[in-house]
Asks: 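My questions will all concern the structure given below.
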Number of protein chains: 2
Amino acid sequence: MSKVNTQMIDEERAKFLRYLTKAGRRVSHGREIVFDQVMRAHGHFTAEELARGCLEKKLKVSRPTVYRVLYDLLEAGVIRETAFGDKHRHFEHVYDEKPHHHAQCIRCHRFIEFPDRKEDEVYHPYLEKQGFKILGHEMHFYGVCRKCQDKEGL
Amino acid sequence: MSKVNTQMIDEERAKFLRYLTKAGRRVSHGREIVFDQVMRAHGHFTAEELARGCLEKKLKVSRPTVYRVLYDLLEAGVIRETAFGDKHRHFEHVYDEKPHHHAQCIRCHRFIEFPDRKEDEVYHPYLEKQGFKILGHEMHFYGVCRKCQDKEGL
DNA sequence: TTCCTAAATGATACACTATCTCATATGTCA
DNA sequence: TGACATATGAGATAGTGTATCATTTAGGAA
């Protein structure tokens, strides 16, 4: 697991470097720090959380740079954006993650993750027919989790 | 169609009034204005768009009130929140809308809507087993639309 | 290695969405 | 109508995310 982990990170790093080279961009200090922090992150995280983390750890990187690198990583396909209806941008890294979806409790805002199923592909033909190039998808369930139901006495 | 439309709006209004009564809240001026504007809105809209619209039309309602009433409507089930990965809150009304999903172009940010399919229900048993009470769900595809592919010369 | 240039960065200010506070206005019920 | 709780507006404020621009740095050329 740990070995696989390391290997996956190396692959992601290679992917990032390939992207940077191809785009004529540099392998800078800031990009290495942020890449590292992203790889250490578990589950999903917001841009602000990551930026705050970097500042608290006194890493040599500023908030604007964290944001900039996150968008690099997004374009490079190292992280993906997950869409939840609040005002923060959520990301999660692709590495070591099986495709999965999220269910979110509208009371406590906690997430449950569940694996992707191939049934989702029923939507592909419709979109492809319109010339839409699908890069990914995400299912977002919302409702009330067991704990919050208990609290409400439902 | 127009008749059905009116009927649907009346039903939504009744739903809203029931919610307000039950919650011991009042049928106020601001709530009526915002309800009306929401019903006039097509497709999905952001809170800020609606607020701006009200201000521009010089309706007697302030921005904080628009936000407050939107959350009333959310709780009443008159509108639902759609989750996209930008920093604005998106809503759409439930009235006259068949369940549908969204595909969004990552370049131009435009949406394609497509109808809900019962295959989505494969996820229900898993969530219900955990005691999660499902209130709704949304599928969000992302990719590049035909126009933007053409522009990029892909 | 050193120099040169374009890219990256940080400090700062700023834009924008959304929310909070609190004094005032208004709806509801007796 | 009077009393009181709820709703509202004006304005301040919080928080996320961006733009600007002077300075620093990566990385290739000499």
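Quick note on labels: first sequence line is chain A, next is B, and so on, each numbered from 1.
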Asks: Starting at atom CD of B:E48, determine the distance to atom C1' of D:dG17, rounded to an integer number of angstrom.
Replies: 15 Å
Asks: Round to a whole Å and report the spacing from NZ of A:K22 to P of C:dA7.
Replies: 18 Å
Asks: Any salt bridge linking A:K118 with A:E121? Criterion: basic side-chain nitrogen under 4.0 Å from a carboxylate oxygen.
Replies: no
Asks: Rounding to a whole Å, what distance do you find between B:K60:NZ and C:dA25:P?
Replies: 15 Å
Asks: Under 4.0 Å, heavy atoms only, any strand: does B:A47 hit a base, just the sugar-phosphate, or nothing?
Replies: sugar-phosphate
Asks: Rounded off to whole Å, could you give me the CG-to-C1' distance for the B:L17 and C:dG27 pair?
Replies: 14 Å
Asks: Between A:F141 and A:F114, does the ring centroid distance fall short of 6.0 Å?
Replies: yes
Asks: Tell me whether the side-chain N or O atoms of A:R63 pair up with the base of D:dG17 as donor and acceptor below 3.5 Å, since no angle test is needed here.
Replies: yes
Asks: What parts of residues 26-33 of chain B reach DNA chain C, counting only heavy atoms under 4.0 Å away?
Replies: B:R26, B:V27
Asks: Looking only at heavy atoms, which two atoms of A:G77 and A:K15 are closest? And how far apart?
Replies: O-NZ, 3.1 Å
Asks: Between the side chains of B:R63 and B:E48, is the shortest nitrogen-to-carboxylate-oxygen separation below 4.0 Å, so that they form an ion pair?
Replies: yes
Asks: Extract from the structure each pairing of a protein N or O with an N or O of nucleotides 19-23 of chain D at less than 3.5 Å, listing the distance.
Replies:
none

Asks: Between A:Y123 and B:D116 (side chain of the first, backbone of the second, donor and acceptor by atom type, cut-off under 3.5 Å), is there such a pair?
Replies: no
Asks: Take B:T65 and B:G24, find for each the nucleotide of DNA chain D with the closest heavy atom, and name the residue whose nucleotide sits nearer the 5' end.
Replies: B:G24
Asks: So what is the end-to-end bend of the helix from C:dT1-D:dA30 to C:dA30-D:dT1, with 5 pairs used at each end and the value given to 10 degrees?
Replies: 30°
Asks: How far apart are the closest heavy atoms of A:F132 and B:C145, and which atoms are they?
Replies: CD1-CA, 3.8 Å
Asks: Any side-chain N or O of B:Y67 under 4.0 Å from OP1/OP2 of C:dC20?
Replies: no
Asks: Quickly work out the A:F35 CZ to C:dA8 P distance and round it to whole Å.
Replies: 17 Å
Asks: Just by distance, do the side chain of B:E56 and the backbone of B:G53 share a donor-acceptor pair under 3.5 Å?
Replies: no
Asks: Roughly, in whole Å, what's the span from CG in A:L20 to P in C:dA7?
Replies: 14 Å
Asks: Side chains of A:E138 and A:H101: is there a donor and an acceptor less than 3.5 Å apart?
Replies: no
Asks: Would you indicate which nucleotide in D:dT18, C:dG10, D:dA7 comes nearest to any side-chain atom of B:R25?
Replies: D:dA7
Asks: In terms of relative ring orientation, are B:Y71 and B:Y67 parallel, tilted or perpendicular, with 30° and 60° separating the classes?
Replies: tilted
Asks: Any side-chain N or O of A:Y71 less than 4.0 Å from the OP1 or OP2 oxygen of D:dG17?
Replies: no
Asks: Are the side chain of A:R80 and the backbone N or O of A:L74 linked by a donor-acceptor pair below 3.5 Å?
Replies: no
Asks: From CG of A:D72 over to C1' of D:dA26, roughly how many Å is that when rounded to an integer?
Replies: 15 Å
Asks: Mind checking the CG-CZ spacing from A:D36 to A:R31? Nearest 0.5 Å is all I need.
Replies: 15.5 Å
Asks: If I take atom CG in residue A:L59 and atom P in nucleotide C:dG10, what distance separates them, rounded to the nearest angstrom?
Replies: 11 Å
Asks: Run the salt-bridge test on A:R68 and A:D72 with the 4.0 Å N-O cut-off and return the result as yes or no.
Replies: no
